[in-house]
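Read the numbers this way: they start at 1 and go in the same order the structure lists the ligands and their atoms. Positions are given from 1, in the same order as the sequence printed here.
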Amino acid sequence: MKKNPQTELLHAPRQAPQYIETVQPPLFRASTIIFNTTSDLFNRHWTDRYDYSYGTHGTPTTFTLADNIAQIEQGEYCLLTPSGLSAINLVNSTFLAHGDEVWVPDNIYGPNMEHLYNLQKRYGIQVRVYDALNAHSVEFSAKVKLLWLEAAGSVTLEFPDLVGLVKKAQQANVLSVLDNTWGAGLAFNAFDFSEEHLAVDMTVHALTKYPSGGGDILMGSIVTRDEKLHHQLFRMHAIQGIAVSGDDVAQIQRSLAHMSLRYKQQAQTALTLVNWLKQQPAFAQVLHPADPASPGHAHWLEVCQTGQSAGLVSVIFKAEYDLAAIRKFCDSLSLFKLGFSWGGPISLVMLYNLKDMRSLATPHLQEGLLVRFCIGLEHPQDLIQDIQQALQQLK
Ligand SMILES: *Cc1c(COP(=O)(O)O)cnc(C)c1O
């Protein structure tokens with residue numbers, strides 16, 4: 001029966017006349033996914049690895065990126081979330097309940113700590129803080145459900161005693177989850193590290209950083225090798241309505257191809273800067289895990305057999321430099337832009353006062369204000385020059 005043009009247009013074939021192979025996978029955007037038959041509808045099941053039933057559950061576009069992230073991190077299953085912090089949130093809300101205890105390193109990514117203290121206040125979850133450099137500072141009672149790890153730690157970049165901590169968690173049957181944003185699955189394998197072949201249970205990764213590489217897209221992931229953990233997370237992911245945009249996924253997919261090259265380059269530039277920064281009299285301490293003087297360097301050596309250490313460098317200014325001086329330094333930089341995050345093409349700088357950030361003593365850190373550099377893709381010599389001219393403003 002002949003239909004009206006308006007209807008004809010709506011129901012024109014969606015399939016292209018001929019399949020072609022392209023460098024990047026095709027992009028699917030979906031809220032509705034159309035079932036061919038009621039059998040297809042009734043036979044769908046949420047535990048299927050690739051459950052095509054509704055946009056929030058995933059499309060070929062999201063499953064492709066998820067599989068790629070799982071592969072890079074050498075896990076098996078991966079869920080995508082709209083940001084790194086939402087991945088953290090999903091782990092906490094899936095595995096923590098009233099009366100449970102969770103252990104977090106003192107140097108963890110700040111918003112995770114804030115989120116956990118909020119859970120503590122509202123839902124009676126006990127937050128305990130440990131020293132990432134000392135596995136003995138963790139005590140596992142029967143109430144402990146989750147151990148958070150971060151390698152290296154946010155801002156101060158101490159490399160934790162991963163071997164000691166994960167061993168301890170395994171012995172106590174406590175779930176371990178590593179914030180893998182710094183290593184990005186490239187610096188070390190979180191699912192098989194050290195000579196003892198240890199593994200964390202889960203990783204979260206802010207894909208916003210190295211996988212995106214553009215400083216423009218937000219996304220997070222949770223990877224595990226354990227099907228049961230994945231299903232628990234998947235169920236919570238579904239009931240909380242967590243979903244990512246196909247367009248954002250395609251952008252990150254496109255950047256993944258050169259992530260390892262960018263990572264390597266930024267890590268190498270960081271090392272060049274570290275060697276120069278260490279010679280500058282303004283700094284009391286230079287923090288970067290690959291540097292032998294940096295806290296946790298021995299733990300880094302034990303785990304990061306690739307020799308890679310990301311593009312983050314922090315410096316602690318000598319105590320005589322007050323906040324006004326540090327602000328002047330940051331404002332005087334021209335290539336380093338003042339902003340949060342890392343992993344993008346442009347170098348970033350951020351200033352911190354450690355006194356507001358820690359609850360444990362930090363004898364391994366010098367007194368003074370801290371500045372973190374996130375290395376972009378500029379030439380190292382230009383970055384050094386930029387810091388040099390900003391230091392001169394302080395004289
Ligand atoms: C940026 C970051 C996150 C959060 O990622 P967003 O996508 O910005 O929410 C989590 N952990 C670490 C270590 C990060 O650097």
Side-chain angles (χ1 to χ4, degrees), residues 65-66 69 73 78-93 102 104-118 132 146-160 162 176-188 190 200 202-223 237 240 242-245 248-249 251-252 255-256 259 262-263 266-267 270 287-289 296 300 309-314 337-344 346-350 352 357 370 372-376:
L65 179 65
I69 297 295
E73 294 197 33
C78 174
L79 279 171
L80 300 177
T81 63
S83 68
L85 187 55
S86 70
I88 289 169
N89 184 345
L90 183 61
V91 168
N92 287 333
S93 58
V102 52
V104 279
D106 200 20
N107 59 359
I108 201 164
Y109 178 66
N112 188 0
M113 193 74 105
E114 231 171 282
H115 177 239
L116 284 167
Y117 278 133
N118 180 54
L146 200 59
L147 171 72
W148 271 100
L149 302 152
E150 193 173 325
S154 270
V155 183
T156 38
L157 304 172
E158 299 97 334
F159 206 93
L162 265 192
S176 57
V177 53
L178 170 77
D179 187 325
N180 207 13
T181 306
W182 179 91
L186 300 172
F188 64 97
V200 299
M202 292 165 275
T203 58
V204 304
H205 188 167
L207 307 183
T208 307
K209 309 290 166 58
Y210 287 113
S212 156
D216 53 353
I217 309 276
L218 291 156
M219 201 168 294
S221 64
I222 306 170
V223 169
H237 189 266
Q240 289 187 354
I242 294 171
V244 293
S245 139
D248 288 350
V249 168
Q251 299 265 21
I252 292 185
S255 297
L256 271 193
M259 176 169 78
R262 288 184 278 109
Y263 191 91
Q266 289 174 334
L287 304 164
H288 179 76
W300 173 81
S309 66
L312 295 174
V313 183
S314 291
K337 303 297 179 191
L338 187 61
F340 291 107
S341 201
W342 77 65
I346 283 186
S347 291
L348 299 173
V349 64
M350 187 47 66
Y352 297 92
M357 297 168 63
L370 184 145
R372 185 180 73 183
F373 301 110
C374 307
I375 308 303

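For atom 6 (P) of ligand 1, the closest non-hydrogen atom of the protein is Gly84 N, 3.3 Å. The protein non-hydrogen atom at the shortest distance from atom 3 (C) of ligand 1 is Tyr109 CZ, 3.4 Å. When only non-hydrogen protein atoms are considered, atom 7 (O) of ligand 1 lies nearest to Thr208 OG1, 2.6 Å. Ranking protein heavy atoms by distance to atom 9 (O) of ligand 1, first place goes to Leu85 N, 2.9 Å. Protein heavy atom at the shortest distance from atom 12 (C) of ligand 1 is Asp179 OD2, 3.4 Å. The protein atom (non-hydrogen) at minimum distance from atom 14 (C) of ligand 1 is Lys209 NZ, 2.8 Å.
Checking side-chain atoms of Thr181 against main-chain N and O of Ala206 turns up a donor-acceptor pair under 3.5 Å. His237 places no side-chain N or O within 3.5 Å of a backbone atom of Thr81 that could act as its donor or acceptor partner.
Taken from OG in Ser154 to CG in Asn112, the straight-line distance is 9.5 Å, to the nearest 0.5 Å. The CD atom of Glu150 sits 10.0 Å away from atom CG of Asn180, with the distance rounded to the nearest 0.5 Å.
The aromatic rings of Phe159 and Trp182 stand perpendicular to each other, their planes meeting at an angle above 60°, with 30° marking the opposite boundary.
Ligand 1 has no atom lying under 4.0 Å from any heavy atom of Phe340.
The 12-atom threshold is not exceeded at CD1 of Ile346, counting heavy atoms of other residues, nucleotides or ligands nearer than 6.0 Å.
Residue Trp342 approaches ligand 1 through these ligand atoms, each under 4.0 Å from one of its heavy atoms: 13 (C), 15 (O).
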